[in-house]
Amino acid sequence: MQLPKVDRRMFFKGTGVVVASLAASRFLAACSTDSIPRGYGGEPRPLPIPPLAEGERDGNRITYRLNAQAGQSQILPDVATSTWGFNGAHLGPTLTARQGDEVTVEITNQLDEMTTIHWHGMKLPGQADGGPHSPIEPGETWSPSWTVTNTAATLWYHPHPHGLTGLHAYRGLAGAFVIEDEVSDSLDIPTDYGVDDIPLVLMDHRFHEDGSLDEEDLPDLGLLGDTPTVNGITNAHFDATTRRVRFRVLDGSNMRFFNLQFSDDRPFQVIASDSGFLAEPREVTSLIIGPGERWEILVDLEPGEDITLRSGAFPENFGVPDDEYTPDFGFADSFDLLTIAGPAEDAAQAPAIPGVLDPAARQEPDLIDAPERTFILNTFSINDQMMDMQRVDVVIDHEGPEIWEVTNDNSDWPHNFHIHNARFRVLSLVGTDVEVPTEGWKDTVSLPPGATTRLAVEFGYYPDPAWPYMYHCHMLYHEDQGMMGQFIIVEPGGQPAEQLGHGESHAH
Ligand code: C2O
Ligand code: CU
Ligand code: CU
């Protein structure tokens, strides 16, 4: 395939390029094996486990309360960092719900600036989606409600104010949202939260000398960090008490892709992708995850052993040229994420891993007569346009699935693609030599340079002409720079409203 020679640099007219690559090689050196990032080395600290949110349950109604607040955290071992979190100084509690539950979340903004909260991966009415049209001003409370139709999966929540999503997530506004259903109940897999069922929120940060977050956007790279964190700290350690552990891995970073593997290259089982269980487990020795994506994995541990979950250099540099003209997105970096100690000798043997997880995950959507749409991602644009809060890019006036064909038209930038209120099957991913894992139902897919993917997309059907949903690159610097569009779901023959959301523009 002949790719147009990238015109991205024209945005900067040559100003950013050299600076970008110099800055990049300098700060990313901290991430490579030859030098140890700040906060690593020395004694590891116990992996923090985000608490389970305490909801108030009444039958199948559950109400959660989240306060977005500022505080001080110990991301690094030796210094305090000002951060944001929900119901605490950093990150947020894990929310849980069952399929069929009616969920209400009362979110109070105790920060001194506006933010929004989006339920990434959830099918729900546009008014509850928490995108850029749902600002929560300081001191205000926003209380969306919806009925959970998603199947068992690890979803997550994070801010979405247009132009500021990256910064707000970087400061720590993010948490997991776990959905359970009859399938997850029936499987003989680890389900004891905090014991053998562990969320791992992967991020990366940069720090000033005094421990404060470095919030400066790097040219082309935004808030790509040089210091990996897991559940909000560096150099984390997990003492396993069981022979099998389920990790729900979330890439909550702004810009970083991770190539997950264990220090001894042991095989592990992938059991779920973004939107739920795979039909059957898939054994791998490494697994790529990009911003916004989730994978659930099972790893077996022997008593007394020590292993490390790490991120390795990407095969073929993820298709991104490794030269002085291309920003260093970090695909060559390798670094430790989490050290793990095996269980005690007397830990019970783990049962056989179920051969079948969710047979329904095998079903392909019925694509007869499915409309097709094309999305070309290039630099900060989609189909040559940047995000406009009052422009509707796509109108969907039917309930059935659609085929979305998405191309990363840049020859040297990675992108990924996320759709709100939807899940999709990846029908194909071509145009690249890089192998991208695409199993199961997903809501975000990673796209190496030149890749084209065809997605069979199932939307939640909540027709409403005034409340749009977003699709965007989930590399948050790209999203914030405008790599996002809006779609509206209406009744057959319906039209979008004149004014979207509450009609105000909260563009940054
Ligand atoms: Cu996590 Cu608009 O997305
Ligand atoms: Cu989303
Ligand atoms: Cu992008």
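Note that ligands are numbered from 1 as they come in the structure, with each ligand's atoms numbered from 1 the same way.
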* Asked: N/O/S atom of His474 under 2.8 Å from atom 1 (Cu) of ligand 1, yes or no?
  -> yes
* Should the pair Asp226-Arg206 be classified as a salt bridge under the 4.0 Å nitrogen-to-oxygen rule? -> no
* Using 4.0 Å as the upper bound for N to carboxylate O, is an ion pair formed by Glu402 and Arg373? -> yes
* Can you tell me the N, O or S atom of His120 that's nearest atom 1 (Cu) of ligand 1? -> ND1
* What residue among His160, His120, His415, His162 forms ring-ring contact (aromatic ring centres under 6.0 Å, His included) with His472? -> His160
* **N, O or S of His118 under 2.8 Å from the Cu ion (ligand 2)** => yes
* Angular separation of NE2 (His160) and NE2 (His472) seen from atom 2 (Cu) of ligand 1, to 10° -> 110°
* To do: Just give me the atom name: the N, O or S atom of His418 closest to the Cu ion (ligand 2).
  => NE2
* CG on Asp322 to CG on Asp328, rounded to 0.5 Å -> 7.5 Å
* Sidechain N-carboxylate O distance under 4.0 Å for Arg248, Asp197 -> yes
